[in-house]
2 protein chains.
Amino acid sequence: MVSTKRLSSRNRPARESGSERRAELLAIAAELFATRGFLATTVRDIADAAGILSGSLYHHFDSKESMVDEILRAFLDDQRRTNEQVLREAPDPRTAITELVRQSFAAMQKHRAAIAIFQNESKYLEQLERFDYLTQAANDFERTWIRVLQDGQRAGVFRADLNVKLAYRFIRDMVWTTVHWYNPRGKLTSSAIADQYVKILCEGIAEPEKP
Amino acid sequence: MVSTKRLSSRNRPARESGSERRAELLAIAAELFATRGFLATTVRDIADAAGILSGSLYHHFDSKESMVDEILRAFLDDQRRTNEQVLREAPDPRTAITELVRQSFAAMQKHRAAIAIFQNESKYLEQLERFDYLTQAANDFERTWIRVLQDGQRAGVFRADLNVKLAYRFIRDMVWTTVHWYNPRGKLTSSAIADQYVKILCEGIAEPEKP
DNA sequence: GTCTATATGTAGATAGAC
DNA sequence: GTCTATCTACATATAGAC
């Protein structure tokens, strides 16, 4: 049974995805990239934090860029899938917006470091060809939110005088920048923050009920 | 009249503040730091953009850090002064908040690059002792806004159920992150953005008038 | 999977001529 | 005020032993 053709974690080449050690190292790198910044973090910093020497990292990864690439792709794939599900299931624009916000905050539990990196380093990484998908992902998010806002305007649940592009940026910045100060072990749960934000947001942009 | 003891721009030592060339070079550096990031910008990049060689920069500045230091201090001093004036002159909390927002957006005309640098690089620069004042400045801003929000709550013009610390971060992020996409030569004036934002913000957090 | 040893590039910064 | 020339340090990455 050992000589099966299926690649188990025992015989899979180390430089491909799936090994537990890789995952550990990626988590360590993600944390450092998020807190110190990608450029300010050296491969020696990562190796030190992992208790190995810098050269040993190259047994697992091609380069520092490959590491951040994997971290970001994992987050963006996950986020895109979840957004699509929200849009499929939401019965109306107001629910859709609320759920998109709540779901973005929820992502902070799982992808806190990746979100911070996406926020802080996109401007730099987008200059490199291999990270073109970051620009595409940002455009995808924008299209999704703007469509929901416009649908809501047409349906009369969002103010007609709202500049949807501006409102989108407003919501996006509000949600994502939370990662800069959010503390996963603090008093405020991501759910509580989401509730407070959605409340401020909706009572600002929702058309008041006609009496 | 030439042999006066007063330092004119003719005889002032080049490495002190005031010369026009310094100001030009600082503006060029600020633009690069803002768009590419502080670490990603090399002194050679700055020199290239200025049409000189990298060594020549050191006739004007001690180091790359000194350059960003000057850029940030100029912005923060200006901003602090303006905030104090707003607070002195605003007759009530709602006006104070509105004017603080409007004034922050107005700062984007004069200090766009510095604001972006302050936003993007503070986390890294704060690790260095010489930039301790960045942490202090951020705390000062926070205290100012929170005081106004609390005053407004006590006066009954802001919702009593508002989490002021959360609302502050909400406003701060909303305002400052605009610099990431604000285009000084675009259709939207900073004043128009401010109006739209203040509207969304206030109709969200202002207590509705009792009929 | 990690270590030893090292190649290679490039960054920030300096000294002195013009 | 800028250039020429160069120093020094450190970053990413590699090759092969264990």
Side-chain angles (χ1 to χ4, degrees), chain A residues 7-29 32-33 36-71 121 124-125 127-131, chain B residues 7-30 32-33 36-71 117 121 124-125 127-131:
Chain A
L7 291 173
S8 75
S9 60
R10 280 199 125 64
N11 55 16
R12 189 187 294 112
R15 236 160 159 158
E16 286 182 14
S17 60
S19 98
E20 284 175 32
R21 187 56 172 149
R22 273 179 72 85
E24 283 174 52
L25 294 172
L26 275 182
I28 290 168
L32 288 171
F33 292 157
R36 299 188 197 174
F38 177 68
L39 288 170
T41 303
T42 70
V43 292
R44 282 180 179 85
D45 289 336
I46 301 169
D48 284 353
I52 59 177
L53 292 187
S54 63
S56 307
L57 276 178
Y58 290 85
H59 174 71
H60 303 276
F61 307 97
D62 286 335
S63 64
K64 196 171 94 165
E65 278 180 18
S66 296
M67 301 185 80
V68 78
D69 183 89
E70 259 189 68
I71 293 162
E121 317 294 343
Y124 167 71
L125 294 173
Q127 295 168 352
L128 312 173
E129 275 182 43
R130 86 179 279 178
F131 292 100
Chain B
L7 291 173
S8 76
S9 61
R10 280 199 124 63
N11 53 17
R12 189 188 294 111
R15 234 161 160 157
E16 287 181 12
S17 59
S19 96
E20 285 175 31
R21 187 57 172 149
R22 274 177 72 86
E24 282 174 51
L25 294 171
L26 276 182
I28 290 167
L32 288 171
F33 292 156
R36 300 189 196 173
F38 177 69
L39 288 171
T41 303
T42 70
V43 292
R44 283 178 179 82
D45 290 336
I46 302 169
D48 284 353
I52 59 177
L53 292 187
S54 64
S56 307
L57 276 178
Y58 291 85
H59 174 71
H60 303 276
F61 306 98
D62 286 336
S63 65
K64 196 170 94 164
E65 278 180 17
S66 295
M67 300 184 81
V68 77
D69 183 88
E70 258 188 71
I71 293 162
I117 298 167
E121 316 293 344
Y124 167 71
L125 294 173
Q127 295 168 351
L128 313 173
E129 276 182 43
R130 86 178 281 178
F131 292 99

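Chain identifiers are assigned alphabetically (A, B, ...) following the order of the sequence lines, protein sequences preceding nucleic acid strands; residue numbering begins at 1 within each chain.
The interatomic distance linking A/Ile52 (CD1) with C/dG1 (C1') rounds to 8 Å, in whole Å. For B/Arg36 and C/dA11, the CZ to C1' distance is 15 Å, given to the nearest whole Å. The CZ atom of A/Phe33 sits 12 Å away from the C1' atom of D/dT12 (whole-angstrom rounding). Following rounding to the nearest Å, B/Leu57 (CG) and D/dT2 (C1') show an atom-to-atom distance of 10 Å. The CG-C1' distance, from B/Asp48 to D/dT2, rounds to 14 Å in whole Å. For the pair A/His59 NE2 and D/dA15 P, the interatomic distance rounds to 15 Å; values are reported in whole Å. The distance from atom CD of B/Glu24 to atom P of D/dG1 is 11 Å, rounded to the nearest whole Å.
To the nearest 0.5 Å, atom CG of residue A/Leu39 and atom CG of residue A/Leu125 are 8.0 Å apart.
Identified under the salt bridge (charged side-chain N to carboxylate O under 4.0 Å, His left out) test for residues 50-68 of chain A, with sequence neighbours left out: A/Arg15-A/Asp62, A/Glu65-A/Arg130. Sorted by first and then second residue, the pairs that involve residues 37-47 of chain A and meet side-chain hydrogen bond (donor to acceptor under 3.5 Å, both in side chains), not counting sequence neighbours, are A/Arg36-A/Asp45, A/Thr42-A/Asp45.
Remark: B/Ala49 pairs with B/Ile28, B/Leu32 by the side-chain contact (heavy atoms from CB on, under 4.5 Å) rule, at least two apart or across chains. Remark: B/Ser56 pairs with no residue by the side chain to side chain donor-acceptor pair (under 3.5 Å) rule, at least two apart or across chains. By the side-chain contact (heavy atoms from CB on, under 4.5 Å) test, B/Tyr58 pairs with B/Val43, sequence neighbours left out.
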Could you run down nucleotides 12-18 of chain C 5' to 3' and tag each one B, S or - for protein heavy-atom contact under 4.0 Å? BBB----

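Taking every side-chain heavy atom of A/Arg21 into account, C/dG1 is the closest of D/dT2, C/dC3, C/dG1.
Using a 4.0 Å heavy-atom cutoff across all strands shown, A/Leu53 reaches at least one base atom of the nucleic acid.
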